[in-house]
Amino acid sequence: MRFVGPPTLRLIWINFVHLFMVSLLPFATAWIARTQLASSPVAFYAGLFVCIDIAYNVFEREVLARADATQVSDGMRRMARRRSLGVLASFATAVLVAFVAPRLGFGLICGALILHLRPEAAPGTGLVRSFMDSTRGIVKDRVHRLRKRSRSGFTNR
């Protein structure tokens, strides 16, 4: 978000859609567990990840469109787009495969998710790493402020 500046109404709505889709994951996960990897629940799960990833891709595209060219190079933008489309293609393939081989479809979902868990293993790492670093910096700053406030609160008593 450091590339964007103040959030726009469009970014907020895209984030709401993304979060709503993510909120459906516990239901889908429970359905898969209850049916022990039956084909319909796995296909639904993969389809849900397609929707989540589409919302993420729209969000990422909006952020990158607003980013300054000096902060995010054209090459970095292309790599992020390729990675996003690759993950989306994996989820879409998992939807189709799940009807024939649900375990393989579930494996494709897990493989696509690994790209999100290990961004250094995928193209576009610069953008993901800078996002993670800025998030880490924000958390450290807030923790530092809370500790400082708690220390000063004890000395004032």
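Only a predicted model underlies this, so the values are computations on that prediction, with no experimental measurement involved.
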Linking I/L/V/M/F/W/Y whenever any side-chain heavy atoms sit under 4.5 Å apart, do L108 and I32 land together? no

For residues A94 and G105, report the shortest heavy-atom separation together with the two atoms involved. CB-O, 3.5 Å

Mind checking the CD1-CG spacing from I109 to L104? Nearest 0.5 Å is all I need. 10.0 Å

Over all heavy atoms of both residues, which pair between V42 and P102 is shortest? Give the atoms and the distance, please. CG1-O, 3.6 Å

Hydrophobic cluster identity match, V87 and V97, side-chain contacts under 4.5 Å: no

Would you name the heavy atoms of L88 and V50 that are closest together and state the gap between them? CD1-O, 3.8 Å

Establish whether L19 and V58 are linked, either directly or via other cluster members, by ILVMFWY side-chain heavy-atom contacts under 4.5 Å. no

Atom CD1 of I12 and atom CG of N15: how far apart are they, to the nearest 0.5 Å? 8.5 Å

Considering all heavy atoms, the nearest A55-I14 contact: O-CG2, 3.6 Å

Please report whether the ring centroid of F49 lies less than 6.0 Å from that of Y45. yes

Measure across F91 and A46 and return the closest heavy-atom pair with its distance rounded to 0.1 Å. O-CB, 3.9 Å

Count I, L, V, M, F, W, Y as connected when their side-chain heavy atoms are under 4.5 Å apart, and connections chain through other members. Are V22 and V17 then in the same cluster? no

Measure the OG-CE distance between S23 and M21 for me, rounded to the nearest 0.5 Å. 8.5 Å

What distance do R78 atom CZ and L64 atom CG have between them, rounded to the nearest 0.5 Å? 12.5 Å

What's the spacing between E62 CD and N57 CG if we round to 0.5 Å? 13.0 Å

Note, L9 side chain near W13 side chain (heavy atom, < 4.5 Å): yes

Starting from I54, can I reach F16 by hopping between I/L/V/M/F/W/Y residues whose side chains sit under 4.5 Å apart? no

Counting only heavy atoms not in R77, do more than 12 fall under 6.0 Å of its CZ? yes

Rounded to the nearest 0.5 Å, the CZ atom of R81 sits from the CZ atom of R61 at a distance of 5.5 Å

